[in-house]
Protein chains: 2
Amino acid sequence: MPPSPLDNFDLAILAILQRDNRTPQRLIGEAVNLSAPAVQRRIKRMEQTGVIASNVAIVEQAAVGQPITIFVEVELESERTELIDAAKRQFSETPEVQQCYYVTGEADFILIITVADMGAYEALTRKLFFDSNNVRKFRTFVAMDRVKVGLTVPLPG
Amino acid sequence: MPPSPLDNFDLAILAILQRDNRTPQRLIGEAVNLSAPAVQRRIKRMEQTGVIASNVAIVEQAAVGQPITIFVEVELESERTELIDAAKRQFSETPEVQQCYYVTGEADFILIITVADMGAYEALTRKLFFDSNNVRKFRTFVAMDRVKVGLTVPLPG
DNA sequence: TGACCAAATGCAAGTTTGTTTCGCGGAACA
DNA sequence: TGTTCCGCGAAACAAACTTGCATTTGGTCA
C-alpha cells in the first residue's frame with residue numbers, strides 16, 4: 001500500500017497545524033473550505049500514517065534555566081559501524097543533546113546542545129568526548145543569537 | 001515584574017506537554033497530583049509569560065517531499081552590524097532555512113536547511129551565498145541520519 | 001501568637017471543542 | 001446503466017476546556 005498522497009487540503013491543514021496545532025478544527029475548516037469532521041479525518045489519517053510525527057509544546061529554554069545553545073562538530077577516530085552506532089546511542093540518550101545528526105563531510109556528527117552555563121558544557125564535553133576513546137576531535141560554536149528556530153518544513157503550494 | 005518562577009508542578013507539566021501537548025488536562029492532573037483547572041491555569045500562565053513559546057505539530061519532512069537536511073557553516077566577508085542584520089533577515093525569510101544561528105568561532109552563521117533534492121540545494125546556495133557579495137565561504141554537511149531531532153529542553157527535577 | 005491578605009486550589013456548572021454516526025452524492029469501472 | 005467505493009456534510013454525542021465561587025494555604029505584620 002503506497003502511503004496515500006497528500007492533496008492540497010492536507011497541505012493547507014499541515015501549514016496551519018505547523019504554526020499552531022491548537023487551532024480549532026472549525027476554524028481550520030473555514031480556512032480551507034472543508035467541514036470540521038473532514039478536517040478531523042484528515043488530521044487523524046496524517047497522524048496514523050506518520051505525516052504528523054507528534055504534537056508538542058515548544059518551551060522557551062531561557063525560561064527554564066538553559067539559555068545556552070552550542071553546536072559541536074564531532075569527528076571520530078574510527079568509523080566502524082558498531083562504533084558509529086554506539087555514538088548515536090550515547091548522543092540520543094543524553095538529554096542536553098537536543099539534536100544529533102550523522103553527516104557527510106569533514107565531520108561525522110553535528111550536535112546541538114542546550115545547557116545552563118559554560119561550566120555545564122565543559123562537564124558535558126568531558127563526559128561525551130574526552131572519556132570516549134573514539135573521538136578524534138571536536139569543534140565548538142556557541143550561539144550568540146538563535147535567529148530562527150523551529151522544525152517547520154516548507155510546504156508546496 | 002520578575003518572571004514568576006516555575007515550581008515543580010510547572011516543570012512536571014512542561015515535561016508532559018513537551019512530549020505531547022494534547023494530553024488531556026485531566027490526565028496531566030493525575031500525573032502531577034493537581035486538579036484539571038489548576039493545570040489549565042498554570043498552562044495558561046506559562047503561555048502568557050512566554051515559557052511555552054508555541055504549540056505545534058511536527059511534520060515528517062520526508063512525507064512532504066523534503067527528505068534532505070543540510071548544515072551550512074557560513075563565514076562572512078564583513079562583520080559590520082548592518083551586514084550581519086541583513087544576513088539574519090535574509091536567512092529568516094527563506095523558508096528552506098529551518099534554523100539559523102549566529103555563532104562565535106570559525107563561522108558566523110550555522111544554518112539547517114530542508115530541501116527536496118540536491119538540485120534544490122544547489123539553487124539555494126546560488127541565491128543565498130554566491131549572489132551575496134558578503135559571503136566569504138561556506139561549508140556544507142549533508143545529513144545521512146537524523147539521529148535525534150526536536151526542540152525538547154532538558155528540565156530539572 | 002494571632003489576624004489579615006494574597007495567591008492557588010478543588011468542585012461544579014456551563015461552554016466549547018472533538019468525535020462518531022449516518023445518509024448522500026460524485027468518480028471509477030464493468 | 002448499474003454498482004462500488006470514497007469522501008463529504010449535518011446532526012447527535014462524548015470529551016475536554018473554561019469559569020465562578022467557596023475554601024485552603026502560606027506568608028506578613030502588628
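These figures come from a predicted structure and were not determined experimentally. In what follows, chains are A, B, ... by sequence order, proteins preceding strands, each numbered from 1. Note that these values count all heavy atoms, side chains included, but never hydrogens, waters or copies made by symmetry.
The CG-P distance, from D10(B) to dA7(C), rounds to 16 Å in whole Å. Protein atom CG of N21(A) is 14 Å distant from nucleotide atom C1' of dG18(C), rounded to whole Å. Rounded to an integer number of Å, the gap from N33(A) CG to dG9(D) C1' is 13 Å. As a whole-Å value, the separation of E47(B) CD from dC17(D) C1' is 12 Å. Going from atom CZ of F9(A) over to atom P of dC6(D) covers 19 Å, rounded to whole Å. Per the geometry, CG belonging to D7(B) stands 12 Å off C1' belonging to dA7(C), to the nearest Å. With rounding to whole Å, R26(B) atom CZ is found 16 Å from dA12(C) atom P. For N55(B) and dA16(D), the CG to P distance is 17 Å, given to the nearest whole Å.
In summary, D7(A) and R42(A) engage in a salt bridge, as defined by a charged side-chain N under 4.0 Å from a carboxylate O.
Residue S35(A) places its side chain closer to dG9(D) than to any other of dT9(C), dG18(C), dG9(D).
Taking F129(B) as the reference, F138(B) meet the ring pair (Phe, Tyr, Trp, His ring centres under 6.0 Å) condition, with sequence neighbours excluded.
Between R45(B) and dA8(C) there is a side-chain N or O to OP1 or OP2 distance below 4.0 Å.
Note on ring orientation: taking the six-membered ring where Trp is involved, the planes of Y101(B) and F71(A) are perpendicular (angle over 60°, cut-offs 30° and 60°). Using the six-membered ring where Trp is involved, F91(A) and F109(A) have ring planes that are perpendicular, over 60° apart on the 30 and 60° scheme.
Residue contacts shown for R42(A) are limited to sugar-phosphate atoms, with no base heavy atom under 4.0 Å away.
Taking all atoms of both residues into account, the shortest heavy-atom contact from T69(B) to I112(B) is CG2-CG2, 3.9 Å.
Side-chain contact check for L76(B) versus R136(B): every heavy-atom pair is 4.5 Å or farther apart.
Within 6.0 Å of CZ on R19(B) lie no more than 12 heavy atoms contributed by other residues, nucleotides or ligands.
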Contact state string [nucleotides 18-25 of chain D, B base, S sugar-phosphate only, - no protein heavy atom under 4.0 Å]: BBB-----

